[in-house]
Amino acid sequence: MVGREHEPLRDIVIVGGGTAGWMTAALLSRLFINGYRIRLIESDAIGTIGVGEATIPAIRTFNQLAGIDEFKFLKATQGTYKLGIEFVDWRAKGSSYIHGFGKIGQDLMWLHPHQFWLHQAARGQAKHFDHYALNCVMARTAKFAPPDPRNPESPMADIDYAYHFDANLYARFLRGRSEKQGVERIEGRIVGVRQHPETGFVEGVTLEDGREVAGDIFVDCSGMRALLIGETLGVGYEDWRHWLPCDRALAVPCENAPTLLPYTRSTARDAGWQWRIPLQHRIGNGHVYSSAHAYDDTIADILLDNLDGAPLADPRPVRFVPGKRHRVWEKNVVAIGLASGFLEPLESTSIHLIQTAILRLIALFPHRGFDAADVAEYNRQSDFEFRDVRDFIIAHYKVTDREDTPFWAYVKHMDIPDSLAERLDLFRSSARFFVHGKAELFREESWVQVLIGQGLDMRHDPMVDMIPEGDIASFMHDIQDVIADCANALPSHADYIARNCRADGILV
Ligand SMILES: Cc1cc2nc3c(=O)[nH]c(=O)nc-3n(C[C@H](O)[C@H](O)[C@H](O)COP(=O)(O)OP(=O)(O)OC[C@H]3O[C@@H](n4cnc5c(N)ncnc54)[C@H](O)[C@@H]3O)c2cc1C
């Protein structure tokens, strides 16, 4: 006999209609097809955060699962392709490197190409590291094509990409799909929450007009306010400002530039950094900064003085605290999106964390009894994921030659988590990387590009010295030649979009 506590939950209430809410609604309504009721409550009066426009390649998996056609999606969201992120002035003023998605060069025996690059660089015989990865060369030359699996030996097979898109249009696009898949949208401001008097489980939320929406499980996608997980259930927040001092941003769109770049740009500033996200109809810009190291009124000038086109609106302020909820699943509330935590958008990871949170919820979807083991596993996995991404972001600040402003002096000399310190020591020793956990997001290629770009002092693997110098030189030369030839043969990013997914009325 199966007890009632093992019966499936049927009534899912999503609180919030930003990117997190509508991504959750779109995927659950696509995959939960039998007997589920999914309702989403959002308030037009409150609105969404309206930023969050750059992604990492895993979003393509989300789109596939959600049954989304790439070209339709890019047309509907004024989207463009993203091959990586350029970091300007991060190591030192005047420096630039690309953290590209996709593979770097080619392995020789069991050794990865950065080992040979370090060997050659120490002898002054290596070109900029970007030259050895097709994604980076494509980005530098504003080219785009998807991977071509027909010749697995060619670097063209290893191209990898993500998207840039308009956050508001993305939410609208997902809403349309979700409603077609049966999601009921409820417009209204939540003003009250009813909890079970003994267990504290959330039983329903009350709207301003008096309606109550009851449910079995509540997905809190209410943004930084964290209406259920924080305000109602009182789950605390771990503040990581001592490692990630940036806690404010100003965002402003501007007119497009002549060349449609297939990458995000992050330019270091005196007390933070500025993003540039190219869309078909505009460029999204913003300055992320530390309020402990900058006066708010200076930031708007810096931002507006460094746009590639005329501003299309007034700069909009956003405040945040980098960190995460102590537990993102508590009782019958699962927080997804900004309600669960936030890491600054340096590596475009927030939408990815939404995606993995939804997949985790599906994998651990509870029955009526809400087994503590499922909840604990969910919380353990999300904790690992947040800390893993956090370490990678901290590395960009810690490993730098800059100490020319109080902000850069602080981050260069700050203490860092042990997990990161150990990883950096291993890189310094012989540029080696080992995965800490299956769920780790950034792999060797990412760490290597960022740490070389930021100027970490690394020695190559001693095994490289077993190979004759001349062989290493010609091996590296060949990689660079093949990559340059491949990039030359590709269409421009603008042409690729114009041919396949131009948004109506937009000339790219
Ligand atoms: C400066 C900045 C830049 C960013 N850039 C990136 C990026 O490039 N890439 C990336 O992946 N991520 C980025 N992010 C993160 C990204 O914006 C968010 O992860 C994403 O937008 C999800 O937000 P959300 O849906 O959790 O919250 P929100 O968009 O804030 O949505 C909250 C929803 O809850 C509703 N709501 C709140 N209270 C109530 C109530 N009382 N009653 C009814 N409804 C309510 C609101 O109406 C809204 O619909 C950035 C974030 C910031 C701050």
Side-chain angles (χ1 to χ4, degrees), residues 13-25 39-56 58-59 62 82 85 162-168 170-172 174-175 185-193 205-209 211 213 218-232 246-252 264-266 272-279 284-289 299 303 315-322 328 335-358 389 441:
V13 178
I14 300 168
V15 170
T19 302
W22 283 116
M23 280 178 78
T24 307
R39 284 171 296 168
L40 183 147
I41 307 169
E42 66 176 327
S43 159
D44 284 343
I46 295 175
T48 66
I49 193 155
V51 283
E53 311 202 312
T55 58
I56 59 174
I59 191 156
F62 175 86
K82 173 178 171 185
I85 305 175
Y163 312 111
H164 305 116
F165 49 70
D166 180 314
N168 293 321
Y170 186 51
R172 197 183 300 167
L174 293 177
R175 173 181 161 187
R185 173 183 181 272
I186 301 171
E187 159 63 35
R189 182 195 288 259
I190 296 168
V191 292
V193 181
V205 293
T206 317
L207 306 183
E208 219 165 15
D209 61 8
R211 278 177 296 165
V213 182
F218 290 78
V219 187
D220 186 352
C221 297
S222 62
M224 287 184 194
R225 184 167 164 202
L227 195 66
L228 301 181
I229 196 89
E231 282 186 18
T232 305
C246 289
D247 58 355
R248 291 190 191 175
L250 268 190
V252 70
T264 304
R265 180 178 290 144
S266 161
W273 57 278
Q274 182 169 335
W275 80 75
R276 180 194 189 280
I277 299 178
L279 305 180
N285 309 275
H287 188 327
V288 174
Y289 64 100
I299 298 296
L303 177 61
R316 204 162 48 82
V318 186
R319 290 180 178 212
F320 54 86
V321 177
V328 290
I336 295 184
L338 297 171
S340 67
F342 179 60
L343 290 162
E344 60 171 84
L346 189 59
E347 284 284 352
S348 318
T349 40
S350 288
I351 293 172
H352 177 75
L353 293 175
I354 294 171
Q355 168 180 341
T356 52
I358 301 168
V389 172
L441 177 57

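Just so you know, ligand 1 is whichever comes first in the structure, and atom 1 is the first atom listed for that ligand.
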Crowding at CZ, R316 (>12 non-hydrogen neighbours, <6.0 Å): yes
Please identify which atoms of ligand 1 are closer than 4.0 Å to at least one heavy atom of [X].
X    : answer
A249 : 1 (C)
R225 : 41 (N)
G337 : 26 (O)
I354 : 19 (O), 22 (C)
S348 : 9 (N), 11 (O)

I need the contact type for [X] against ligand 1. Using non-hydrogen atoms and a strict under-4.0 Å cut-off, is it side chain, backbone, both or neither?
X    : result
V288 : neither
E53  : backbone
C221 : backbone

When you measure from [atom] to every protein heavy atom, which one gives the shortest distance, and what is it?
atom                    : value
atom 43 (C) of ligand 1 : G188 O, 3.3 Å
atom 2 (C) of ligand 1  : V51 CG2, 3.5 Å
atom 30 (O) of ligand 1 : I49 N, 3.4 Å
atom 20 (C) of ligand 1 : T19 CB, 3.9 Å
atom 11 (O) of ligand 1 : I351 N, 2.8 Å
atom 5 (N) of ligand 1  : P345 CB, 3.3 Å
atom 12 (N) of ligand 1 : S350 CB, 3.3 Å
atom 26 (O) of ligand 1 : L338 N, 2.9 Å

Please indicate whether any nitrogen or oxygen in [X] is less than 3.5 Å from any nitrogen or oxygen in ligand 1.
X    : value
S43  : yes
T48  : no
W275 : no
A20  : yes
I336 : no
M224 : no
F320 : no
G16  : no
G17  : yes

Please tell me if the side chains of [X] and [Y] come closer than 4.5 Å, counting only heavy atoms from C-beta onward.
X    : Y    : value
I299 : R248 : no
C221 : T24  : yes
F165 : T55  : yes
I41  : F218 : no

Roughly how far apart are [X] [atom1] and [Y] [atom2], rounded to 0.5 Å?
X    : Y    : atom1 : atom2 : value
I49  : M224 : CD1   : CE    : 4.0 Å
M23  : I59  : CE    : CD1   : 5.0 Å
L303 : W275 : CG    : CH2   : 8.5 Å

Smallest separation among heavy atoms of [X] and [Y], with atom names:
X    : Y    : result
W273 : E344 : NE1-OE2, 2.8 Å
Y289 : L250 : CE2-N, 4.4 Å
A167 : V51  : CB-O, 3.8 Å
I56  : S348 : CG2-O, 3.7 Å
Q355 : A58  : NE2-O, 2.8 Å
D220 : L228 : OD2-N, 2.8 Å

With a 4.0 Å cut-off on heavy atoms, does [X] reach ligand 1?
X    : answer
G50  : no
T55  : no
G286 : no

Side-chain donor or acceptor of N285 paired with backbone N/O of V252 under 3.5 Å: yes
Expected output: side-chain T19 to main-chain A171 donor-acceptor under 3.5 Å: no
Residue selection (non-hydrogen contact nearest atom 6 (C) of ligand 1) among G47, G52, A54: G52
Nearest candidate to atom 38 (N) of ligand 1, where distance is taken over non-hydrogen atoms, out of V318, I46, I190: I46
Option from E53, H164, E347 for which side chain to side chain donor-acceptor pair (under 3.5 Å) with T264 holds: H164
